[in-house]
Amino acid sequence: NDETALLLANSVQWAAGARDSWLSVSNESATIPAGTSLTTDIVFDATDMYGGEYTADINISSNDPANELIVVPAMLNVTGAPFLLVSSDSLNFGNQFIGFADYDTLTVTNTGTDTLGVYSAYVSDGSFDYTGPSSFTLIPEASIDLELLFMPDSEGYYESVFTLESNNPSGDVEVTL
């Protein structure tokens with residue numbers, strides 16, 4: 001029909017053909033009368049996506065013999081952010097005999113959407129020790145167990161802080177010992 005051109009948007013498709021939630025179209029199909037146009041909203045949503053470049057094709061098919069398929073490339077650049085999460089904000093070694101060691105484990109997890117880089121990990125008091133890696137990286141959703149040690153050299157109350165310096169957007173993380 002010369003009066004009406006039918007626009008069929010085959011939704012939003014990856015170049016490989018699978019649909020993904022980061023790209024959506026407001027009109028998946030519509031009838032457009034001759035001589036008119038239709039505005040369609042295309043929504044790019046990076047919620048919970050890892051850092052990187054994402055591409056897709058928006059395939060528009062119609063009954064126009066000169067333009068049966070129009071492919072519109074779409075690209076989204078996402079800047080991810082790491083997030084350092086520790087299993088506890090304090091470790092309690094309890095009562096300990098002088099000269100004897102007690103160990104405890106702290107789990108560090110990257111719950112963010114980009115690689116976490118820990119540049120420095122250290123303890124502020126000599127009666128506590130950390131012998132693990134002084135720096136490490138974690139991809140999103142990865143974890144590492146860090147072992148800390150307490151060995152008092154005299155009677156008394158001991159307190160210290162284990163510090164993790166990293167690219168965590170919230171800053172350094174401190175765990176009370």
Side-chain angles (χ1 to χ4, degrees), residues 1-91 105-122 132-147 162-176:
N1 181 331
D2 290 335
E3 299 292 304
T4 306
L6 179 63
L7 173 70
L8 300 172
N10 288 340
S11 69
V12 177
Q13 299 177 340
W14 286 97
R19 196 170 186 177
D20 204 2
S21 62
W22 67 269
L23 188 58
S24 61
V25 58
S26 62
N27 301 348
E28 292 196 17
S29 67
T31 300
I32 305 170
T36 65
S37 62
L38 173 71
T39 300
T40 299
D41 294 324
I42 307 295
V43 178
F44 293 75
D45 184 1
T47 303
D48 296 327
M49 292 180 67
Y50 296 133
E53 184 177 289
Y54 297 83
T55 60
D57 286 334
I58 301 169
N59 296 318
I60 303 169
S61 19
S62 75
N63 64 350
D64 178 352
N67 296 298
E68 290 181 4
L69 178 65
I70 299 171
V71 178
V72 180
M75 184 175 72
L76 176 65
N77 284 311
V78 177
T79 301
F83 186 78
L84 191 155
L85 179 69
V86 291
S87 56
S88 178
D89 59 357
S90 66
L91 296 178
T105 301
L106 181 74
T107 301
V108 176
T109 304
N110 178 8
T111 60
T113 58
D114 208 351
T115 301
L116 172 71
V118 174
Y119 309 122
S120 182
Y122 59 90
S134 60
S135 65
F136 55 90
T137 59
L138 293 174
I139 61 172
E141 301 180 32
S143 296
I144 186 172
D145 288 334
L146 306 178
E147 189 174 71
F162 178 59
T163 303
L164 295 160
E165 297 175 352
S166 70
N167 63 341
N168 182 33
S170 302
D172 297 344
V173 172
E174 295 183 341
V175 177
T176 304

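Residue numbers start at 1 and run along the sequence shown. Hydrogens, waters and symmetry mates play no part in the numbers below; they use all other heavy atoms, side chains included.
F44 places a side-chain heavy atom less than 4.5 Å from the side chain of L23. By the 4.5 Å heavy-atom criterion applied to side chains, T107 and I144 are not counted as neighbours.
Taking CZ of F162 as the reference point, atom CG of D89 lies at 14.0 Å (rounded to 0.5 Å). Interatomic distance, T109 OG1 to L84 CG, rounded to the nearest 0.5 Å: 8.5 Å. Going from atom CG of L116 over to atom OG1 of T137 covers 8.0 Å, rounded to the nearest 0.5 Å. In this structure, the separation between CG on L69 and CG on D64 is 11.5 Å, given to the nearest 0.5 Å. One distance of note links CG of L91 with CG of L146; it measures 10.0 Å at 0.5 Å rounding. Here Y122 contributes atom OH and S134 contributes atom OG; the two are 12.0 Å apart, rounded to the nearest 0.5 Å.
In this model, no donor atom of one side chain and acceptor atom of the other lie less than 3.5 Å apart for S166 and N168. No hydrogens or angles considered: nothing links the side chains of S90 and T176 as a donor-acceptor pair under 3.5 Å. Under the 3.5 Å distance criterion, with hydrogens and angles disregarded, no donor-acceptor pair is assigned to the side chains of D145 and T105.
When all heavy atoms of T40 and S26 are compared, the pair lying nearest together is CG2-OG, 3.5 Å. Between V108 and L164 the shortest heavy-atom distance is CG2-CD1, 3.9 Å. Contact record, S87 with L106: OG-CD1, 3.7 Å, taken as the closest heavy-atom pair. Contact between M49 and L76 at its shortest, heavy atoms only, is SD-CD2, 4.1 Å. The nearest pair of heavy atoms linking N67 to S62 is O-OG, 3.1 Å. When all heavy atoms are compared, the tightest approach of P140 to G112 is CB-O, 3.4 Å.
Applying the 6.0 Å contact sphere to CG of D48 captures no more than 12 heavy atoms from other residues, nucleotides or ligands. The neighbour count for E141 CD, taken as heavy atoms of other residues, nucleotides or ligands under 6.0 Å away, does not exceed 12.
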